[in-house]
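Computed over heavy atoms, backbone and side chain alike; hydrogens, waters and symmetry mates excluded.
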Amino acid sequence: MPTSRCDLMRWQFDLTWSLFEFHLERLEPEDFLWEPVPYCWTLRRGADGEWAPDWAETEPDPVPVPTIAWVGWHIGWWWTTTIDHARGRTPPDRTEVGWPGGGPAAVEWLRGLRARWLEVLDGLSDADLDAPAPFPWQDDPDKTVAHMLAWVNAELMKNAAEIGQLRLLRAASAR
């Protein structure tokens, strides 16, 4: 029985999310800002009380180990940007994507982004997948909306694995 490309993309996303949810359900508030090594990227409260991610315009070598907080913010940043592009809106600047803080607030924020993404996915047809990608390859005519969806699935899978590994390392380190 043939499967539509939209259904296949949705199936892959749902599978990826279920793997991510395994870790989201088990995160403790203390997990978010845990720094496994001295050379980390994390989020820090500014004088205004807002959380700000460590950032470099040019990726350092070696790349700092991110905390769960940083990876969670990163997911929020690229997903917010992708959702806005998919809906034809101008996305916020990276510095305007705030992190709600660790614990349940962060988990609910990510689940809210998932709900917004599902609205995008559920509004697409197979024909829509052939349109030029609005993000992250706006100027590449060879990349389509289907490529964008595949990228979101891959990026989420990578970030979910990073969060899972950090969660497991922290739990094992506490023993």
Side-chain angles (χ1 to χ4, degrees), residues 1-27 32 41 43 50-53 55 57 59 63 66-167:
M1 173 179 263
T3 301
S4 77
R5 292 183 300 152
C6 280
D7 289 345
L8 182 59
M9 291 290 194
R10 174 65 186 263
W11 175 87
Q12 186 185 47
F13 174 78
D14 289 342
L15 173 63
T16 300
W17 185 263
S18 70
L19 298 171
F20 189 32
E21 194 62 51
F22 175 84
H23 295 293
L24 286 178
E25 291 172 351
R26 290 160 178 80
L27 284 172
F32 287 86
W41 268 356
L43 281 96
E50 297 295 316
W51 291 98
W55 188 261
E57 291 303 323
E59 194 168 271
V63 174
T67 62
I68 290 173
W70 194 94
V71 177
W73 166 82
H74 185 254
I75 292 169
W77 170 46
W78 64 252
W79 220 352
T80 297
T81 300
T82 305
I83 290 166
D84 281 349
H85 276 291
R87 291 187 166 163
R89 297 188 304 232
T90 301
D93 184 72
R94 170 186 54 81
T95 59
E96 297 170 343
V97 177
W99 185 64
V107 172
E108 288 310 307
W109 180 56
L110 294 169
R111 287 178 177 147
L113 287 167
R114 173 188 177 263
R116 289 175 52 205
W117 183 243
L118 290 176
E119 290 172 5
V120 169
L121 291 179
D122 291 343
L124 295 173
S125 68
D126 275 7
D128 294 329
L129 298 181
D130 295 326
F135 180 79
W137 307 281
Q138 300 91 307
D139 299 321
D140 186 345
D142 294 331
K143 298 294 187 282
T144 65
V145 169
H147 288 97
M148 181 181 73
L149 270 58
W151 171 78
V152 166
N153 289 343
E155 187 70 18
L156 182 61
M157 192 177 306
K158 174 187 77 77
N159 291 153
E162 290 169 332
I163 287 173
Q165 189 64 39
L166 286 164
R167 185 185 70 77

Return the minimal non-hydrogen interatomic distance between [X] and [Y], and the atom names on each side.
X	Y	answer
Trp73	Val97	NE1-O, 2.9 Å
Ile83	Leu113	CD1-O, 3.8 Å
Pro92	Asp84	CD-OD2, 3.2 Å
Trp109	Gly76	CH2-CA, 3.3 Å
Met148	Ala133	CB-CB, 4.5 Å
Gly101	Ala106	O-CB, 3.1 Å

Checklist entry - Can you list the steps and then say if Thr82 with His85 is a side chain to side chain donor-acceptor pair (under 3.5 Å)? => result CA-CA 5 Å; Thr82 305; His85 276 291; over 6 Å; no

Any side-chain heavy-atom pair from [X] and [Y] closer than 4.5 angstrom?
X	Y	answer
Glu155	Val152	no
Leu110	Ile75	yes
Thr81	Pro136	no
Leu129	Thr144	no

Short question: side chain of [X], backbone of [Y] - any donor-acceptor pair under 3.5 Å?
X	Y	result
Ser18	Leu15	yes
Asn153	Ala150	no
Trp11	Cys6	no

Any idea how [X] and [Y] line up, ring-wise: parallel (<30°), tilted (30 to 60°), or perpendicular (>60°)?
X	Y	result
Trp79	Trp117	tilted
Phe32	Trp99	tilted
Trp17	Phe20	perpendicular

Checklist entry - Among all residues two or more places apart in sequence or in another chain, which pass the salt bridge (charged side-chain N to carboxylate O under 4.0 Å, His left out) test with Glu50? => result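 For Glu50 there are no salt bridge (charged side-chain N to carboxylate O under 4.0 Å, His left out) partners, ignoring immediate neighbours.
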
Item to check | Worked check of ring-ring contact (aromatic ring centres under 6.0 Å, His included) between Trp51 and Trp70 | outcome: CA-CA 10 Å; Trp51 291 98; Trp70 194 94; over 10 Å; no

Quick one: pull up [atom1] in [X] and [atom2] in [Y] and give me the separation to the nearest 0.5 Å.
X	Y	atom1	atom2	result
Asp14	Leu19	CG	CG	11.0 Å
Gln165	Ile68	CD	CD1	10.5 Å
Thr3	Asp126	OG1	CG	10.0 Å

Pairing of [X] and [Y] as salt bridge, 4.0 angstrom limit:
X	Y	result
Asp128	Arg5	no
Arg116	Glu119	no
Arg94	Glu57	yes

Item to check | Step-by-step side chain to side chain donor-acceptor pair (under 3.5 Å) determination, Asn159 to Trp78 | outcome: CA-CA 11 Å; Asn159 291 153; Trp78 64 252; 2.9 Å; yes

Item to check | Pair His147 + Trp151: ring centers closer than 6.0 Å | outcome: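 His147 vs Trp151: aromatic centres not under 6.0 Å.
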
Item to check | Neighbour count above 12 (heavy atom, 6.0 Å) for Glu96 CD | outcome: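 Count over threshold, so yes.
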
Next on the checklist: Walk me through whether Phe13 and Leu156 qualify under side chain to side chain contact (heavy atoms under 4.5 Å, CB included).
Outcome noted: CA-CA 9 Å; Phe13 174 78; Leu156 182 61; 3.6 Å; yes

Item to check | Contact list for residues 68-82, test salt bridge (charged side-chain N to carboxylate O under 4.0 Å, His left out), sequence neighbours left out | outcome: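 As it turns out, there is no salt bridge (charged side-chain N to carboxylate O under 4.0 Å, His left out) pair with a partner in residues 68-82 once direct neighbours are skipped.
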
